[in-house]
Each structure stands twice: as structure tokens, then as C-alpha cells.
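Everything numeric in this text was worked out from a predicted model, so none of it was measured.
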Amino acid sequence: MEREIAKPAGIPVLRVSAGNIRSDALNPDHRFASMPLHILNQDGRPGTTRRQCTGEYKVKPIKQKVRELLGYPYPSRIPKGVFVEQWVGISTDEFHRAKDADVKYMRNRHPLLDLNWSRADCVRYLTSLGLADTPKSSCLGCPFHGNAQWRHIRDTSPSEWADVVEFDDAIRQGNARANAAGNRLLGEAFLHRSRVPLSQAPIDHVTAAERAALPTGADEADELETGVADGCSPWACRGDADALTQDDFGLAT
């Protein structure tokens with residue numbers, strides 16, 4: 001996409017990074033910004049660790065780059081009235097996730113909301129341009145993945161699936177630095193909401209949330225196989241979604 005569309009149009013694509021969260025989680029010498037792991041406590045009660053990953057691994061490096069582009073890297077003070085306009089691709093399906101920036105040197109705009117476009121409208125437009133296979137963004141091993149996204153990884157990228165299964169096994173006792181400091185996790189951590197190892201998790205179960213996320217007129221089989229119901233961005237993390245039910249775990253009774 002960058003090579004075929006952005007570059008010919010003269011649009012620079014800038015990538016920022018704060019490191020690899022999964023490597024950091026397993027490194028006892030590295031500070032770890034908590035990801036929202038699903039916890040099974042010793043008494044059998046479920047829980048979830050705090051979500052700090054969005055701020056540390058997404059928002060912070062974006063802000064650092066914006067400051068650099070403005071010519072005022074941290075800790076320089078940015079003069080009043082100097083700002084960037086940031087376009088965030090939130091559609092009408094997720095309008096409740098549209099947020100203002102929390103700093104004065106960034107102003108968020110939501111062009112899809114201005115156009116009153118839903119995700120289905122976006123898909124139709126991309127299809128008309130021959131870009132129908134454009135995926136929604138998300139981190140590879142995000143604990144907020146639904147079953148559709150886990151299936152998509154397993155069925156389309158065996159190497160990535162092996163990678164996330166390995167990480168899921170490795171993170172069972174929580175992050176390495178906390179353990180090294182004596183703050184051991186009082187339970188077990190998992191990537192899948194069912195709180196069983198990812199390799200055994202009921203990801204083939206089609207959840208009510210998946211069906212509800214389908215746009216009107218969508219081909220259900222195709223949508224559920226590609227996992228497009230899942231996705232996130234720094235200003236629209238899936239963690240902001242409503243609480244899920246047992247059926248979303250694939251554990252309906």
C-alpha cells in the first residue's frame with residue numbers, strides 16, 4: 001500500500017516504535033507496560049491485568065514523532081497555536097470511540113464520521129479501488145482479539161500462529177520483571193478470554209459479538225473467516241468495547 005499508493009501520491013509514511021512489547025514482557029531487566037492479559041486466579045475467579053500498552057507503545061511514540069515534526073522535541077515547550085491535525089479512521093459503527101487528543105498540539109479529526117461512512121461504506125469504496133483485502137489494524141497477540149481474529153491468524157499465517165501460541169505459553173506466570181522483583185502473579189495469565197492455553201482455546205466458536213459486528217448485507221461466511229470484526233488504533237482500542245458475555249468466550253451454556 002505504501003509503495004503502490006502513498007509514495008506515488010507524494011504522501012510520506014512514517015513508522016514509529018517503542019520496542020517489542022512481547023520481548024519486553026519476557027525480559028526481567030526491561031520495564032514492562034502491562035497488557036490486558038486474562039487472569040485465572042488461584043480461587044478460580046477471572047480477572048484482567050491493567051492495560052498500559054496503548055499509551056506506552058502507541059500513543060507515546062506518536063506524540064514524540066509529532067513533536068519532532070513540529071520542531072519541538074520533548075521537553076521543549078510547544079507555543080500556543082502550534083498543532084497538527086490528526087485524522088483518525090473511526091467509522092459510524094464505532095462513533096463512541098472517537099476522542100479528542102489530550103494535548104493541545106494535536107487536534108483529532110474523524111473524516112469517516114464527517115462523511116457519515118460506516119465500515120460497510122469503507123469496504124465498498126476500497127472494493128471499487130481494487131483494495132477489498134485491506135485488513136483492519138491490530139496487534140498480533142492482543143488479548144482483546146475475538147475468535148475471528150485468532151482464527152484468521154491460525155488459518156492464514158502458521159508462523160505467526162506458532163509465535164502467538166509460544167508467547168501465550170511463555171506469559172503464563174505474568175511479566176518477567178515483576179516476577180524477578182518478587183511480585184509474582186497470584187494466578188495464571190492467558191491471551192484468550194476463555195483462560196485456557198491458546199492452542200486449546202475454543203476459537204472456532206462463532207460468537208454473538210462476531211455476528212453482531214457484521215455490516216448489513218455482508219457475506220457472513222467471508223466476514224467471519226477473515227476476522228475483520230476485530231481491530232484497533234491508538235484512539236480506538238478494542239478494550240473500550242462493552243463487556244462481553246460467556247458466549248463471546250465460546251463457553252455458552
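- Surrounding CD of Gln52 are more than 12 heavy atoms belonging to other residues, nucleotides or ligands, all under 6.0 Å away.
- Here the side chain of Ser118 pairs no donor or acceptor atom with the backbone of Ser91 at under 3.5 angstrom.
- In this structure, the side chain of Arg195 engages the main chain of Ile39 through a donor-acceptor pair within 3.5 Å.
- Hydrophobic cluster membership differs between Val196 and Leu191, with clusters built from Ile, Leu, Val, Met, Phe, Trp and Tyr side chains linked at under 4.5 angstrom.
- Using a distance-only test at 3.5 Å, with no hydrogens or angles considered, a donor-acceptor pair links the side chain of Asn175 to the main chain of Arg177.
- No more than 12 heavy-atom neighbours from other residues, nucleotides or ligands sit within 6.0 angstrom of CZ on Arg107.
- The aromatic rings of Trp150 and Trp161 lie perpendicular to each other, with more than 60° between the two planes, well past the 30° mark.
- Distance CZ/Phe167 to CD1/Ile21: 7.0 Å, rounded to 0.5 Å.
- At distances below 3.5 Å, not a single donor-acceptor pair connects side-chain atoms of Arg97 with backbone N or O atoms of Phe95.
- Thr49 places a side-chain N or O within donor-acceptor distance of the main-chain N or O of Leu37, the cut-off being under 3.5 Å.
- Between the side chain of Arg109 and the backbone N or O of Asp114, no donor-acceptor pair lies under 3.5 Å.
- Judged purely by atom type and a 3.5 angstrom limit, Asp24 has no side-chain atom pairing as donor or acceptor with the backbone of Gly19.
- Side-chain heavy atoms closer than 4.5 Å link hydrophobic residues (I, L, V, M, F, W, Y) into clusters, and following such links, possibly through other members, connects Val82 to Val84.
- Following chains of ILVMFWY side-chain contacts shorter than 4.5 Å, one can reach Ile203 starting from Val164, so the two form part of one hydrophobic cluster.
- Formation of a donor-acceptor pair under 3.5 Å by the Ser194 side chain with backbone atoms of Ala201 is not found in this model.
- Distance check: Thr54 OG1 to Met35 CE gives 10.0 Å after rounding to the nearest 0.5 Å.
- There is no path of hydrophobic side-chain contacts, each under 4.5 Å, that joins Leu14 to Tyr57.
- The cluster map of Ile, Leu, Val, Met, Phe, Trp and Tyr, joined by side-chain heavy atoms under 4.5 Å apart, puts Val66 and Val103 in the same cluster.
- Rounded to the nearest 0.5 Å, atoms OG (Ser17) and NZ (Lys65) are 12.5 Å apart.
- Taking the side chain as every heavy atom from C-beta outward, Met106 and Leu70 never approach each other to under 4.5 Å.
- Using modelled atom types, no side-chain atom of His152 and backbone atom of Ser157 make a donor-acceptor pair closer than 3.5 Å.
- At distances below 3.5 Å, not a single donor-acceptor pair connects side-chain atoms of Asp169 with backbone N or O atoms of Pro197.
- Counting heavy atoms from C-beta on, the side chains of Tyr105 and Tyr72 never come closer than 4.5 Å.
- Within the model, atoms CD1 of Ile171 and CG of Leu26 stand 5.0 Å from one another, a figure rounded to the nearest 0.5 Å.
- Between Leu198 and Phe190 the shortest side-chain heavy-atom distance does not fall below 4.5 Å.
- Annotation: side chain of Gln149 is not in contact with side chain of Cys142 (no heavy-atom distance under 4.5 Å).
- Between the CG atom of Asn108 and the CD atom of Gln86 there is a distance of 5.0 Å, given to the nearest 0.5 Å.
- Rounded to the nearest 0.5 Å, atoms NZ (Lys104) and CD1 (Ile78) are 12.0 Å apart.
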